[in-house]
Amino acid sequence: AFIHLPEASFEGVDLHAIFEAQAAREAPWFLMAWDGGKPKDAAIYREVAGDGPSASYLVGLFDSGEEGALKNPASLMALERFQEAAEALPRVAQTFTIVDDLKMVRRGLHRGNPTEAYIPSRRAEIAQLLLAQSMSPAASAFGPRIDSTERVALVRINLSASSPQQRQRIGQRVDKLLQAEQLPAGRAFLCAQP
């Protein structure tokens, strides 16, 4: 995360100290950097964001093969494996799936404890997390992540700055990784490369 805060404090609240404390707590899981809008921050930004921001992204679909299958731990773990493999590739900045939402909801329900951000091993708990996520006021802030039958998940892959040739190559590699995780009755593929 690269957080832009042009001021170190606001109305007497030391934002910098709050940020540093949070960055220290999150260090085992996230690399966080402060952007004060100064030229010296550019090197830190490149360290966190690779070659910098990009509007390029890939979109894929993960069809689990049957209604309700996205409540199964095996389906979500396949998506998680894909995300981990894709994010290890150069030029992939981030990936987003329903897995991220469920981990965030689970963590939130456990007082924000980062160690609680994982996929549950029980279908019933996953169903409860999906219900809690759907009731959140921000549930549709980023658009739908799964269809109404809980069968198909949307996959978004954000890319760092890259040339058209690099995007094409990374798209081919990501597509193979996604297909490698498809379930026996399902399909998984990239469907858009803006």
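If you read the sequence from its start, that first residue is 1, and numbering goes on from there.
- Leu130 CG to Leu70 CG: the interatomic distance, rounded to the nearest 0.5 Å, is 8.0 Å.
- Summarising the geometry, atom CG belonging to Leu109 is positioned 11.5 Å from atom CD belonging to Gln133; distances are rounded to the nearest 0.5 Å.
- Partners of Gln165 under the side chain to side chain contact (heavy atoms under 4.5 Å, CB included) rule, at least two apart in sequence or in another chain, are Ser163, Arg169.
- Of the inter-residue distances, the one linking Arg167 atom CZ with Ser56 atom OG reads 4.0 Å to the nearest 0.5 angstrom.
- With sequence neighbours excluded, the residues that form a side chain to side chain donor-acceptor pair (under 3.5 Å) with Glu150 are Lys71.
- The side chain to side chain donor-acceptor pair (under 3.5 Å) check on Asn113 picks up Thr115, with sequence neighbours excluded.
- Between Ile119 and Leu102, every side-chain heavy-atom pair lies at or beyond the 4.5 Å cut-off.
- With contacts defined as side-chain heavy-atom distances shorter than 4.5 Å, the pair Leu177/Leu89 qualifies.
- Under the side chain to side chain contact (heavy atoms under 4.5 Å, CB included) criterion, Arg25 pairs with Ala21, Gln22, not counting sequence neighbours.
- Here the closest non-hydrogen pair linking Val105 and Ala132 is CG1-CB, 3.9 Å.
- In this structure Gln94 satisfies the side chain to side chain contact (heavy atoms under 4.5 Å, CB included) test together with Phe96, Asn158, sequence neighbours excluded.
- Residues forming a salt bridge (charged side-chain N to carboxylate O under 4.0 Å, His left out) with Glu67 (at least two apart in sequence, or on another chain): none.
- Although no hydrogens or angles enter the test, the distance criterion places a donor-acceptor pair under 3.5 Å between the side chain of Arg107 and the main chain of Gly112.
- Between the Ser75 side chain and the Ala69 main chain, a donor and an acceptor come within less than 3.5 Å of each other.
- Summarising the geometry, atom CG belonging to Leu178 is positioned 9.5 Å from atom SG belonging to Cys191; distances are rounded to the nearest 0.5 Å.
- Checked against salt bridge (charged side-chain N to carboxylate O under 4.0 Å, His left out), Arg173 has no partners two or more places apart in sequence or in another chain.
- Listed by first and then second residue, the side-chain hydrogen bond (donor to acceptor under 3.5 Å, both in side chains) pairs that reach into residues 181-191 are Arg81-Glu181, sequence neighbours excluded.
- In this structure, the side chains of Phe62 and Leu154 stay at 4.5 Å or more apart for every pair of heavy atoms.
- When all heavy atoms are compared, the tightest approach of Ala188 to Gln179 is O-CG, 3.1 Å.
- Side-chain contact between Ile157 and Phe82 is present, with at least one heavy-atom pair separated by less than 4.5 Å.
- Residues satisfying the side chain to side chain donor-acceptor pair (under 3.5 Å) criterion with Arg106, sequence neighbours excluded, are Glu116, Tyr118, Glu125.
- Phe189 places a side-chain heavy atom less than 4.5 Å from the side chain of Asp175.
- Within the 4.5 Å cutoff, side-chain heavy atoms of Ile18 are placed close to those of Val13.
- Closest non-hydrogen pair, Gly171 versus Leu58, comes out as CA-CD1, 3.7 Å.
- When every heavy atom of Pro73 is checked against every heavy atom of Ser121, the shortest pair comes out as CG-O, 3.4 Å.
- Judged as a side chain to side chain donor-acceptor pair (under 3.5 Å), and not counting sequence neighbours, the contacts of Thr95 are Gln83, Glu87.
- At least one side-chain heavy atom of Leu76 sits less than 4.5 Å from a side-chain heavy atom of Ile98.
- By the 4.5 Å heavy-atom criterion applied to side chains, Lys103 and Val99 are counted as neighbours.
- Partners of Val152 by side chain to side chain contact (heavy atoms under 4.5 Å, CB included), not counting sequence neighbours, listed by chain and number: Leu61, Asp63, Asp147.
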